[in-house]
2 protein chains.
Amino acid sequence: MLRISRLTDYGTMILVHLAARPDECCPASDVAAHTRLALPTVQKLLKLLARGDLVRSVRGAEGGYTLARPASGISAADILGVLEGPLGLTECSTESHQCELEAGCQVSSAWQKLDRAIRRALDDISLADLAEPPREFPVLNLSGRSLQARPATPAPPPRNRNRTGARP
Amino acid sequence: MLRISRLTDYGTMILVHLAARPDECCPASDVAAHTRLALPTVQKLLKLLARGDLVRSVRGAEGGYTLARPASGISAADILGVLEGPLGLTECSTESHQCELEAGCQVSSAWQKLDRAIRRALDDISLADLAEPPREFPVLNLSGRSLQARPATPAPPPRNRNRTGARP
DNA sequence: GTCATACTGGACTAAGATAGTCCCATATGC
DNA sequence: GCATATGGGACTATCTTAGTCCAGTATGAC
């Protein structure tokens with residue numbers, strides 16, 4: 001639940017890759033090779049990221065992509081905003097049409113409280129944080145879940161992958 | 001992005017309805033009438049909520065549903081947990097299979113930081129908070145979005161509703 | 001000028017998730 | 001026994017997501 005999409009996850013990996021090479025202009029093929037994601041998917045995501053002004057593109061031979069600004073200046077909220085659209089826990093928080101239930105609905109203001117808490121957390125994490133190697137994080141693993149890397153997301157394009165059994 | 005499903009939203013409305021009537025045993029038809037949600041949908045959700053131990057059911061004539069415990073003892077995390085499955089921002093945070101990228105992936109620990117922040121926020125909000133009328137909330141509407149109720153979710157079952165243009 | 005390399009924009013498909021409905025079985029009070 | 005309820009599933013249409021592909025355009029090298 002409250003899960004980010006797989007593409008957003010991939011997109012973050014791509015940004016992390018670029019963040020590690022601030023002075024290089026990386027072509028999509030390069031990024032795909034290093035992240036082990038499928039090339040068409042990487043191309044698609046880089047296009048989106050460029051349109052969202054998170055990366056800058058250079059066309060033509062010797063072209064490629066670079067971060068549009070330093071990793072510390074890109075927040076998780078920026079990334080999710082570009083790859084998943086505007087934040088909003090419920091439909092009424094992002095859409096503007098009038099609610100037929102207005103009188104009866106008492107829920108939205110509390111959802112918005114939650115909404116703000118999440119937004120704050122997203123603003124607080126920068127791409128630089130995301131790119132930081134795990135070992136430098138003083139991780140308090142309170143949840144009991146193991147702190148491993150992302151699952152078999154990439155490489156042999158995981159067809160028919162069972163997305164969850166948990167997904168919202 | 002990071003949106004809760006519509007059914008979860010409905011489920012919350014149902015819980016709020018029950019929270020307002022702690023001593024009544026409300027049949028699904030009753031809940032549907034008051035929330036203006038479609039009866040089959042309400043039935044489905046109440047079943048789920050009962051299985052998740054958030055509501056208690058009484059079968060037979062004069063039967064219906066009540067909250068399983070006081071509204072203050074039910075958190076938003078409980079609700080989302082029952083209606084959307086286990087919390088987890090990325091697949092690797094809820095699933096246990098090994099990640100092929102382990103060496104290369106540096107992202108997960110930061111996502112987990114975010115994950116914890118969200119979890120904390122969800123734990124902090126109780127059904128009692130959600131049920132509280134908006135006016136009692138000292139809402140700091142920093143976002144500029146109007147604080148209206150949920151949109152035309154219910155009633156004339158909104159077929160072909162354009163879910164977003166924003167949805168993750 | 002031509003060619004290879006890359007990005008740009010968009011269309012398209014398959015698979016999966018979501019929302020919503022319906023049916024039959026079972027329990028209970030009158 | 002009957003009306004009223006919940007319980008457990010199955011089922012369908014629709015939307016979203018992931019993933020691929022193609023034709024167009026820009027740029028540097030030769």
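Just so we're on the same page: letters track the sequence lines, and every chain starts at 1. What you are looking at is a predicted structure, and each value in this text was computed from that prediction instead of being measured.
Close to D:dG7, at under 4.0 Å from its OP1 or OP2, lies a side-chain N or O of B:S57. A close approach under 4.0 Å does occur between a side-chain nitrogen or oxygen of B:R6 and OP1 or OP2 of C:dG20. Between A:T41 and D:dT20, a side-chain N or O to OP1/OP2 separation shorter than 4.0 Å is present. The side chain of B:R56 contributes no N or O atom lying less than 4.0 Å from OP1 or OP2 of D:dT6. A sub-4.0 Å separation between OP1 or OP2 of D:dA18 and a side-chain N or O of A:S5 is present. In terms of phosphate contacts, B:Y10 brings a side-chain nitrogen or oxygen within less than 4.0 Å of OP1 or OP2 of C:dG20.
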Q.
For Watson-Crick and G-U wobble pairs within 3.5 Å on both distances, what is DNA chain C written in dot-bracket notation, | included for inter-strand pairing?
A. ||||||||||||||||||||||||||||||

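Each of C:dG20, D:dG19, D:dG7 was ranked by its minimum atom distance to the side chain of B:A50; first place goes to D:dG7. Nearest nucleotide to the side chain of A:A61, out of C:dA4, D:dT6, C:dG20: C:dA4. Of the listed nucleotides (C:dG10, D:dG7, C:dG29), C:dG10 has the atom at the smallest distance from the side chain of A:R51. Comparing C:dG20, D:dT6, C:dG29 against the side chain of B:Q43 picks out D:dT6 as the nearest.
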Q) Are A:S75 and A:D78 close enough, and set up right, to give a side-chain hydrogen bond (donor to acceptor under 3.5 Å, both in side chains), and what steps lead you there? A) CA-CA 5 Å; A:S75 70; A:D78 291 333; 3.2 Å; yes

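Atom CG of A:L83 sits about 9.0 Å away from atom CD1 of A:I4, to the nearest 0.5 Å. Here CG of B:L15 is found 5.0 Å from CG of B:L49. Values are rounded to the nearest 0.5 Å. Rounding to the nearest 0.5 Å places CG of A:L45 at 8.0 Å from CG of A:L37.
B:D129 contributes a side-chain N or O that, together with a main-chain N or O of B:S126, makes up a donor-acceptor pair within less than 3.5 Å. Between the A:H34 side chain and the A:D30 main chain, a donor and an acceptor come within less than 3.5 Å of each other. Using a distance-only test at 3.5 Å, with no hydrogens or angles considered, a donor-acceptor pair links the side chain of B:E84 to the main chain of B:S5.
Following chains of ILVMFWY side-chain contacts shorter than 4.5 Å, one can reach B:I125 starting from B:L67, so the two form part of one hydrophobic cluster.
Within the 4.0 angstrom heavy-atom criterion, only backbone atoms of the sugar-phosphate kind lie near B:P27; the bases stay farther away.
Regarding A:L39, its CG atom lies at a distance of 11 Å from the P atom of C:dA6, rounded to whole Å. The CG-P distance, from A:D53 to C:dT8, rounds to 12 Å in whole Å. Rounding to whole angstrom units, CG of residue B:L18 and P of D:dT6 are separated by 11 Å. Atom OH in A:Y65 sits roughly 14 Å away from atom P in D:dT27 (whole-Å rounding). Distance A:I14 CD1 to C:dC7 C1': 14 Å, rounded to the nearest Å. What separates CG of B:L48 from P of D:dT6 is a distance of 14 Å, to the nearest Å. To the nearest angstrom, C1' of C:dG20 lies 16 Å from CG of B:D9. Regarding A:R3, its CZ atom lies at a distance of 14 Å from the C1' atom of C:dG16, rounded to whole Å.
Comparing A:G60 and B:G60 by the nucleotide of DNA chain C that holds the closest heavy atom to each, the one mapping nearer the 5' end is A:G60. Taking for each of A:V58 and A:T8 the nucleotide of DNA chain D with the nearest heavy atom, the 5'-most of the two is the partner of A:T8. Nearer to the 5' terminus of DNA chain D, by closest-nucleotide assignment, is the contact made by B:K44 (compared with the other of B:K44 and A:E62).
Evaluation of atom-type donor-acceptor distances gives a pair under 3.5 Å for the side chain of A:K47 against the base of C:dG10. In the interface, the side chain of B:R59 is paired with the base of C:dT26 through a donor and an acceptor atom under 3.5 Å apart.
By the 4.0 Å N-to-carboxylate-O rule, B:D115 lies close enough to B:R119 to be salt-bridged with it.
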